[in-house]
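In what follows, residues are counted from 1 in the order of the sequence shown. The figures that follow rest on heavy atoms only: side chains count, while hydrogens, waters and symmetry mates do not.
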Amino acid sequence: MLNTLFNAIDRKDVAAFGSMLAPDCEFCFGNLPAVHGRAAIEAFVGGFFASIAALSHAIENTWEVPGGLVCHGTVTYTRHDASQLSVPFANVFAVDAAGITGYRIYIDNSALYAR
C-alpha cells in the first residue's frame, strides 16, 4: 500500500492519491488544521501540489501495527524556482477495509515557503 500511495504522491496524482482514502478520512498535515473527507482532502492536496514543482519521498522504515501503518523517511521538495528542500517526516496511518481512515504527517516544512 505505501509504495502505491507514495508513487501517486510523487507523481502529484491527486485522483490516485484520493482513491486510497476512505470516504470519511481525516488528514492532518504538519501543524495545519485537520481536513475531513476524501473530496476536501483531494482539494487540499491538489492545492499543495500546485504550490511546488515536484516532490520525492525516500522511505527509510515502516512498521505495521494493528489497524495501521507508520513510516518515516525524507521528502525532497522542488520549488518552482528549481531550488530544493529535503526534510525528515513521519506518517501515521489508520487503515481499514475502506482504505486509509486517518492520515497524519509529522513534518516541519516551514522552510519550504520561507525566503
_salt bridge (charged side-chain N to carboxylate O under 4.0 Å, His left out) contacts in which one or both residues fall within residues 5-15, not counting sequence neighbours_ =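 Every pair satisfying salt bridge (charged side-chain N to carboxylate O under 4.0 Å, His left out) with a residue in residues 5-15: R11-D13.
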*With sequence neighbours left out, which residue pairs that include part of residues 43-72 fulfil the salt bridge (charged side-chain N to carboxylate O under 4.0 Å, His left out) condition?*
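Checked against salt bridge (charged side-chain N to carboxylate O under 4.0 Å, His left out) - neighbours excluded - no pair reaches residues 43-72.
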*For the atom pair OG (S86) and CG (N109), what is the distance rounded to the nearest 0.5 Å?*
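One gets 12.0 Å once the value is rounded to the nearest 0.5 Å.
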_To the nearest 0.5 Å, what is the distance between CZ on F17 and CD on E42?_
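Going from the CZ atom of F17 to the CD atom of E42 covers 8.0 Å.
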Heavy-atom check, side chain of [X] versus side chain of [Y], under 4.5 Å:
{"X": "L85", "Y": "R79", "value": "yes"}
{"X": "V75", "Y": "F6", "value": "no"}
{"X": "M1", "Y": "M20", "value": "yes"}

_Which heavy atom of I9 sits nearest to which heavy atom of H57, and what is that distance?_
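Of all heavy-atom pairs spanning I9 and H57, the closest is CG2-CE1, 3.5 Å.
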With a cut-off of 3.5 Å and sequence neighbours excluded, list every side-chain donor-acceptor pair involving residues 89-99.
from	atom 1	to	atom 2	distance (Å)
D96	OD1	A98	N	2.8

*Please name all residues satisfying side chain to side chain donor-acceptor pair (under 3.5 Å) with S51, sequence neighbours left out, ordered by chain then number.*
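S51 satisfies side chain to side chain donor-acceptor pair (under 3.5 Å) with Y113 only.
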*For T62, check side chain to side chain donor-acceptor pair (under 3.5 Å) against everything at least two apart and list the hits.*
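Side chain to side chain donor-acceptor pair (under 3.5 Å) check on T62 returns nothing, list empty.
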_Count I, L, V, M, F, W, Y as connected when their side-chain heavy atoms are under 4.5 Å apart, and connections chain through other members. Are V65 and L2 then in the same cluster?_
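No, because V65 and L2 fall into different hydrophobic clusters, even though each may have its own neighbours under 4.5 Å.
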*F49, V87: one ILVMFWY side-chain cluster at the under-4.5 Å cut-off?*
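The answer is yes; both residues are in one hydrophobic cluster.
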_Heavy-atom neighbours of N3 CG exceed 12 at 6.0 Å_ =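 No, not enclosed.
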*Steps toward side-chain contact (heavy atoms from CB on, under 4.5 Å) verdict (T76, L55)*: CA-CA 5 Å; T76 299; L55 71 166; over 6 Å; no
Pair up each side-chain donor or acceptor in residues 21-41 with any protein partner under 3.5 Å, not counting sequence neighbours, and list the distances.
from	atom 1	to	atom 2	distance (Å)
E26	OE1	R104	NH1	3.0
E26	OE1	R104	NH2	2.6
R38	NE	G18	O	3.2
R38	NE	L21	O	3.0
R38	NH2	L21	O	2.6

*Quick one: do W63 and L69 satisfy side-chain contact (heavy atoms from CB on, under 4.5 Å)? Show the steps, please.*
CA-CA 6 Å; W63 299 269; L69 298 164; over 6 Å; no
